[in-house]
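Remarks on the structure that follows.
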Number of protein chains: 2
Amino acid sequence: MGYAQDDMEKANASHMREPLCDIAQCGLPLALEAMGERWSFMILRAAFNGVRHFEDFLEALGIARNILSNRLSRLVEAGILKREHCANDRRRIEYRLTPKGLDLLPAMLALRQWGEKWELGVPANPVMCDSRDGQPIATISIVAHDGRVLTPADLTWRELSELQADPAPAALRKVL
Amino acid sequence: MGYAQDDMEKANASHMREPLCDIAQCGLPLALEAMGERWSFMILRAAFNGVRHFEDFLEALGIARNILSNRLSRLVEAGILKREHCANDRRRIEYRLTPKGLDLLPAMLALRQWGEKWELGVPANPVMCDSRDGQPIATISIVAHDGRVLTPADLTWRELSELQADPAPAALRKVL
DNA sequence: GGTTTTAAGTTGCAACTGGAAACTTAAATA
DNA sequence: TATTTAAGTTTCCAGTTGCAACTTAAAACC
C-alpha cells in the first residue's frame, strides 16, 4: 500500500520545479516555495479556524481529495503542520499548526485585510478581535523600531555590511 | 493582431476556475484570487524594487514570456499594476504599482520575514530600513487597537453584530 | 465473529495550465 | 530602407488539477 505518494514525490524530484528564485538571499521566494501553491493559504486558514481532520478540510474547502492529500503532505514536510494519529481513534489523523505555521498568521491577516479593503469593500464577518478587550485588531502595518508607522516612501534597502558599519547615515535613498 | 488574449479570456470565461471560496465573506480568498498565482508575488517584489518594463521583469525573474505577459495582464486587470506607454518611446510600456498594489507591501514583507526566519535562517540582504533613521524595520506583527502585540492565543473571532451590540464582553473564546 | 461504516488516502483519466522557443507586430534607430 | 528593440503571441509538449471510483485499515454495529 501507499506507493503512489512515493511516485508523486519521485516525479517531483526528477524534474523538480525550479525554485522561484534560488540565487536571491531573500525570504520571499523561500516563503512562496512553502506557501505559494493555490490552496496552501486556504488550508492554513481552515487550520487557524480549528479544522484538523482530512474530511473536515475537504468539506470546508471544496478541494479535490488527491490535491488535499498532496497539499497536507507538503505542509507537513515544510513543518507548517504536524500529522498525529488520534489517541482514541487510530483511524483519525490530526493536522495541527506548528509554531512555524502559527507564525504565518501576520502574513495571512495582512492578506485578508488587503482583500477586505480592496476587493470586498466592506468589513468581513467575523472580525478578528483581541480577546482581552474584545476590540478589533489594528490594521497590519509596517512600523519602525520605535513604533512609528511607515509608508512605502519611508523605506529603503540597506546592505547588511553598511548597516553594521554605519547605523545612522545622513542620506538614504527611498525605495519608491 | 491581438486576438489571442481575447481567446484566452474567452477560454477562461467558459469554464472559469471556480473562486477559491465564493461563499465566505472573507478577504483572504479574494486576496488570493488576485495574488495567489505562482508568480504574482515575485512580480510584485520586482515592481517594488523599481522594475517597470517587460524585458526587465523577464530578466529579473527568469519567467517564461507568455506567462509574464499573462500575469502582468491579470495584475493590471486586478488594479494592482497600471500599464502606461512611455512618452518618449512608444514601444516601451511601463508597469507601475497603483495605490492598491503599494498596499500589498505589509503582506509581502510579512511573508518575506517569515521566510527569512524559518527558511533562510539568517537575516537576508539587503535589509528593509526606515529611511529617516536608517534602522531596520520592526517585525510585522498583530497589534491591538492600543498597540499591544498579540499572539494567536490572544485572538478571537467576533460577529459584526455582536461587536456593535456589546463592544467589550466579559468572556471571549480563544481562537487557538 | 462477521458485516457495515468511517477516515484517510490512491488510482486512472480527461481537461487544463505552465514553460521553452520560435514567430509577429510596431516603433525607433542607423 | 534595413536593422534593432520592446512587447506580446503562437505552437507544442510536459506537468498539474480535478473528478469519480477504488483501496486500506480501524472502529462500530448486530
Side-chain angles (χ1 to χ4, degrees), chain A residues 1-21 32 36-40 42-43 51-77 81 83-96, chain B residues 1-20 36-40 42-43 51-77 81 83-96:
Chain A
M1 112 188 193
Y3 52 82
Q5 187 64 29
D6 297 341
D7 283 352
M8 211 177 278
E9 277 157 21
K10 261 182 242 151
N12 272 344
S14 64
H15 53 108
M16 188 108 62
R17 189 147 69 171
E18 152 181 76
L20 281 163
C21 201
L32 293 174
E37 296 284 343
R38 181 162 156 73
W39 285 100
S40 304
M42 290 304 288
I43 290 173
V51 174
R52 287 182 186 157
H53 300 292
F54 191 91
E55 303 286 333
D56 298 334
F57 280 107
L58 213 57
E59 188 182 13
L61 302 176
I63 183 178
R65 298 180 84 83
N66 53 346
I67 305 298
L68 177 61
S69 175
N70 183 269
R71 288 302 170 279
L72 286 173
S73 296
R74 285 205 210 180
L75 290 172
V76 169
E77 260 181 82
L81 296 177
R83 182 189 257 130
E84 277 170 3
H85 282 271
C86 276
N88 55 342
D89 184 344
R90 235 94 61 95
R91 286 174 307 183
R92 310 202 91 203
I93 288 178
E94 280 204 345
Y95 291 95
R96 283 168 168 276
Chain B
M1 106 185 196
Y3 52 81
Q5 187 64 32
D6 296 343
D7 284 351
M8 212 176 277
E9 277 158 20
K10 261 182 243 152
N12 272 346
S14 63
H15 54 108
M16 187 109 59
R17 187 148 69 174
E18 149 182 78
L20 281 165
E37 297 284 344
R38 181 162 155 73
W39 285 101
S40 305
M42 290 303 290
I43 291 173
V51 174
R52 286 181 188 158
H53 300 292
F54 190 91
E55 304 285 333
D56 298 333
F57 280 107
L58 213 57
E59 188 182 13
L61 302 176
I63 184 179
R65 298 181 84 83
N66 53 346
I67 305 299
L68 177 60
S69 174
N70 183 269
R71 289 302 170 279
L72 287 173
S73 297
R74 285 205 209 179
L75 290 171
V76 168
E77 260 180 83
L81 296 177
R83 184 189 256 130
E84 277 170 1
H85 281 270
C86 276
N88 54 343
D89 183 345
R90 235 93 62 98
R91 287 173 307 180
R92 310 202 91 202
I93 289 179
E94 280 203 343
Y95 292 95
R96 284 168 167 276

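The sequence lines fix the lettering, A, B, ..., with proteins before strands; numbering per chain opens at 1. Values below: every heavy atom of this structure, side chains too, minus hydrogens, waters and symmetry copies. Owing to the predicted nature of the structure, the values given are computational and were not obtained by experimental measurement.
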Below 3.5 Å between N/O atoms, which protein atoms pair up with nucleotides 27-30 of chain D? Just atom names and distances, please.
unit_1, atom_1, unit_2, atom_2, d
dA27(D), OP1, Arg90(A), N, 2.9

Problem - Main-chain N/O of Gly36(A) paired to Ser40(A) side chain as donor or acceptor, under 3.5 Å - result: no

Handout entry: Under 4.0 angstrom between His53(B) side-chain N/O and dA6(D) OP1 or OP2
Key = no

Handout entry: Short side-chain to backbone donor-acceptor contact, His53(B) and Ile93(B), under 3.5 Å
Key = yes

Exercise for the section: Report the residues that fulfil side chain to side chain contact (heavy atoms under 4.5 Å, CB included) with Arg91(B), sequence neighbours left out, ordered by chain and then residue number. Expected result: Asp89(B)

Handout entry: Side-chain donor/acceptor of Arg65(B) to base of dA7(D), under 3.5 Å
Key = yes

Exercise for the section: May I ask you to verify if any side-chain N or O of Ser69(A) is less than 4.0 angstrom from the OP1 or OP2 atom of dA8(C)? Expected result: no

Practice task
Determine, stepwise, if the pair Arg52(A) / Tyr95(A) fulfils side chain to side chain donor-acceptor pair (under 3.5 Å).
Solution key: CA-CA 5 Å; Arg52(A) 287 182 186 157; Tyr95(A) 291 95; over 6 Å; no

Handout entry: Side-chain N,O (Trp39(A)) to OP1/OP2 (dG18(D)) below 4.0 Å
Key = yes

Handout entry: Sequence neighbours excluded - salt bridge (charged side-chain N to carboxylate O under 4.0 Å, His left out) pairs with any residue from residues 59-72 of chain B
Key = Glu37(B)-Arg71(B), Glu55(B)-Arg65(B)

Handout entry: Tyr95(B) side-chain N/O to dA6(D) phosphate OP1/OP2 under 4.0 Å
Key = no

Exercise for the section: Report yes if at least one side-chain N or O of Arg83(A) is closer than 4.0 Å to OP1 or OP2 of dA7(C); otherwise report no. Expected result: no

Exercise for the section: Describe the nucleic acid contact of Phe57(B) in one word from base, sugar-phosphate, nothing, applying a heavy-atom distance below 4.0 Å. Expected result: nothing

Completion exercise
Winner on side-chain proximity to Asn66(B), out of dG19(C), dG8(D), dG18(D), is dG19(C)

